[in-house]
2 protein chains.
Amino acid sequence: MSPYDPSAFPPFAVTVDLVVLTVRRHELCALVVRRGEAPFQGRWALPGGFVRADEDLAGAAARELAEETGLCAHDPATPELGGAHLEQLATYGAPDRDPRMRVVSVAHLVLAPDLPAPRAGGDAHGARWASVKDLLARETESFQEGDEQSGPLAFDHARILADGVERARSKIEYSSLATAFCTPEFTVGELRRVYEAVWGVALDPRNFHRKVTGTPGFLVPAGGTTTRQGGRPAQLFRAGGATLLNPPMLRPEI
Amino acid sequence: MSPYDPSAFPPFAVTVDLVVLTVRRHELCALVVRRGEAPFQGRWALPGGFVRADEDLAGAAARELAEETGLCAHDPATPELGGAHLEQLATYGAPDRDPRMRVVSVAHLVLAPDLPAPRAGGDAHGARWASVKDLLARETESFQEGDEQSGPLAFDHARILADGVERARSKIEYSSLATAFCTPEFTVGELRRVYEAVWGVALDPRNFHRKVTGTPGFLVPAGGTTTRQGGRPAQLFRAGGATLLNPPMLRPEI
DNA sequence: ACAAAAGTGTTTTGTCTACACCCATGT
DNA sequence: ACATGGGTGTAGACAAAACACTTTTGT
């Protein structure tokens, strides 16, 4: 027979979906696009698309990210895309998750600094940043039909978003990934506000400062200072080489 | 047009592969099966198979696990399968990972207590437990052709195995998953030997005892004692309800 | 002068480590 | 008696939380 018997397995469509997170105005936000076609036409969804025949999963994710946000695509072998971090999140493949056909979606998580307004691209009729809190609250609350802001996310995207947020919350605890939410040069206070937004807690600025500057490899001084946050000039830092934090940042109990 | 245009996306085969880990004779071991057909005929591989048209990913993993090990299949919604823990690990989809066709494999991680010799099932010509250390060492070392024990794993299974082992190593740090390697009732010393085997370190028995018995919800007394390890009778425990350990177990620096 | 944010010092409190020591069984 | 593993007590090292205090800017 030919290399393999195609009747031995059912054919699947494979897509990548993106959970793109950023921190804007002290709030954790996710990128959503408005669906232009059925099913879930007009509803908000996570950006994503089909994996092509000749590309790998991370490559497909990087391509979709570039198409949806204008972030330059970089070598997918390196997890940095113009300062953004890309990693695989999880795969969703319930038989009924797409009414059209059997689709397996490999979700990816992107952590990005506060970007300019996203560029609508490809098949998405519109793209915007939305507060994660709002997006997840919509799943259970009642809402007005036709309201531009409202409605639950399409498909199982609320579940995927929740998983991505949970991953981001735990990963910044024991890795230096929180710096992926910052501009290339940032202050300790800006980094603290990232933690506060992602975790939804208030942190003691004094202890936070001591902790992050005392963790070897987390931050390296960039040399300058800035007063863009007001008050006394703050030292600028860049992300250091360390990826794993030891000891980890401690998330307050709430 | 019909519900969806099949020419818009390339068809994929979707499989599940299993990293089944256990602790035997103070060593971390993985389940491997001998391949009965090309490619990689005669080589060891991770158990796995095609996802069927009507089952979800966790269901396919649970079915394959039952076929390969004889572990009774339970409700995939609950992560417990006869004392074993099942979770999704990661998805592997490089275009050339299978020479026959485009295959995306959703790897799952299973942590099981020390089982009787595995039952060969389905298309696998043989199944056995192999030391993780040996399996991963084979990837770089030279080996004798034709030796029953030798040869690197098929496909990208060494990478998948390494990822699964790394996941197990970090998860037992901050969750109570180490109990999934134990029989339903176990002693503190048996649990300690699980940590020692998975991490490849020696732990202080006195401090370990204080730590695990002092972490609320980790262990609940089962009521009896045993001398199966020799020495003074040890209290028997069951896994408690807690899944996240706070504070975590601390892995020694090396 | 005052508000605002950055940074430092100090005390208290808790946890990890290392190790001395005792307990209960099998041989 | 002794080896083996189970379990408790305790002193020192170390890190985190809480908070008083100083520094340096903008208005």
Side-chain angles (χ1 to χ4, degrees), chain A residues 25-26 172-174 182-183 185-197 199 201-237 244-254, chain B residues 23 25-26 172-174 182-183 185-197 199 201-238 244-254:
Chain A
R25 290 180 251 98
H26 296 199
I172 64 173
E173 216 167 334
Y174 56 88
C182 296
T183 51
E185 297 198 346
F186 54 89
T187 69
V188 171
E190 289 163 354
L191 182 63
R192 176 170 48 81
R193 280 180 277 276
V194 164
Y195 276 93
E196 292 178 330
W199 284 346
V201 297
L203 299 174
D204 185 304
R206 291 89 56 130
N207 293 335
F208 183 88
H209 186 280
R210 211 192 334 263
K211 175 89 177 185
V212 296
T213 55
T215 300
F218 194 2
L219 303 181
V220 294
T225 62
T226 182
T227 60
R228 62 189 175 217
Q229 302 289 344
R232 167 176 166 180
Q235 269 190 277
L236 285 168
F237 292 89
L244 258 53
L245 299 185
N246 204 308
M249 301 297 298
L250 290 187
R251 171 157 38 163
E253 298 288 325
I254 289 128
Chain B
V23 174
R25 288 182 251 100
H26 296 198
I172 64 173
E173 218 167 331
Y174 55 88
C182 296
T183 50
E185 297 198 347
F186 54 89
T187 69
V188 172
E190 288 163 355
L191 182 63
R192 175 171 48 81
R193 281 180 277 275
V194 164
Y195 276 93
E196 291 178 330
W199 284 346
V201 297
L203 299 174
D204 185 305
R206 291 85 55 116
N207 292 334
F208 183 87
H209 185 281
R210 212 192 332 262
K211 175 90 179 186
V212 296
T213 56
T215 300
F218 194 2
L219 301 182
V220 293
T225 62
T226 182
T227 59
R228 61 190 175 217
Q229 302 289 343
R232 168 177 165 178
Q235 269 191 277
L236 285 168
F237 292 89
R238 265 188 261 274
L244 258 54
L245 299 185
N246 203 305
M249 301 297 298
L250 290 186
R251 170 157 39 163
E253 295 290 324
I254 291 145

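Reminder, nothing fancy here: chain letters follow the sequence lines and each chain counts from 1.
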Would you name the heavy atoms of [X] and [Y] that are closest together and state the gap between them?
X: B:L219; Y: B:F237; value: CB-CD2, 3.8 Å
X: B:K211; Y: B:P248; value: NZ-O, 2.9 Å
X: A:R192; Y: A:L203; value: CD-O, 4.0 Å
X: A:E190; Y: A:Q229; value: OE2-NE2, 3.0 Å

With side-chain contact (heavy atoms from CB on, under 4.5 Å) as the test, would you mind laying out the steps for B:T225 and B:L236 before giving the verdict?
CA-CA 5 Å; B:T225 62; B:L236 285 168; 5.8 Å; no
Tell me what A:P205 touches on the nucleic acid: a base, only sugar-phosphate, or nothing, going by heavy atoms under 4.0 Å.
nothing
Straight-line distance of [X] [atom1] to [Y] [atom2], nearest 0.5 Å:
X: B:T213; Y: B:F208; atom1: OG1; atom2: CZ; value: 9.5 Å
X: A:L244; Y: A:F218; atom1: CG; atom2: CZ; value: 11.5 Å
X: B:R238; Y: B:E185; atom1: CZ; atom2: CD; value: 4.0 Å
X: B:L250; Y: B:W199; atom1: CG; atom2: CH2; value: 7.5 Å

[atom1] of [X] versus [atom2] of [N]: gap in Å, rounded?
X: A:L203; N: C:dA6; atom1: CG; atom2: P; value: 13 Å
X: A:N207; N: C:dG9; atom1: CG; atom2: P; value: 14 Å
X: A:L191; N: C:dG7; atom1: CG; atom2: C1'; value: 15 Å
X: B:H209; N: C:dC16; atom1: NE2; atom2: P; value: 16 Å
X: B:R210; N: C:dC16; atom1: CZ; atom2: C1'; value: 10 Å
X: A:E196; N: C:dA5; atom1: CD; atom2: P; value: 12 Å
X: B:L245; N: C:dC16; atom1: CG; atom2: P; value: 12 Å

Going 5' to 3' on DNA chain D, which nucleotide is the first and which the last to come under 4.0 Å of a heavy atom in chain B?
D:dT4 to D:dT10
Contact list please: residues 221-236 of chain A against DNA chain D, heavy atoms, distance less than 4.0 Å, in numerical order.
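Under 4.0 Å from DNA chain D: A:G231, A:R232, A:P233.
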More 5' along DNA chain C: B:P247 or B:R206, using each one's nearest nucleotide?
B:P247
Closest to the 5' end of DNA chain C, once B:K211 and B:D204 are matched to their nearest nucleotides, is B:K211
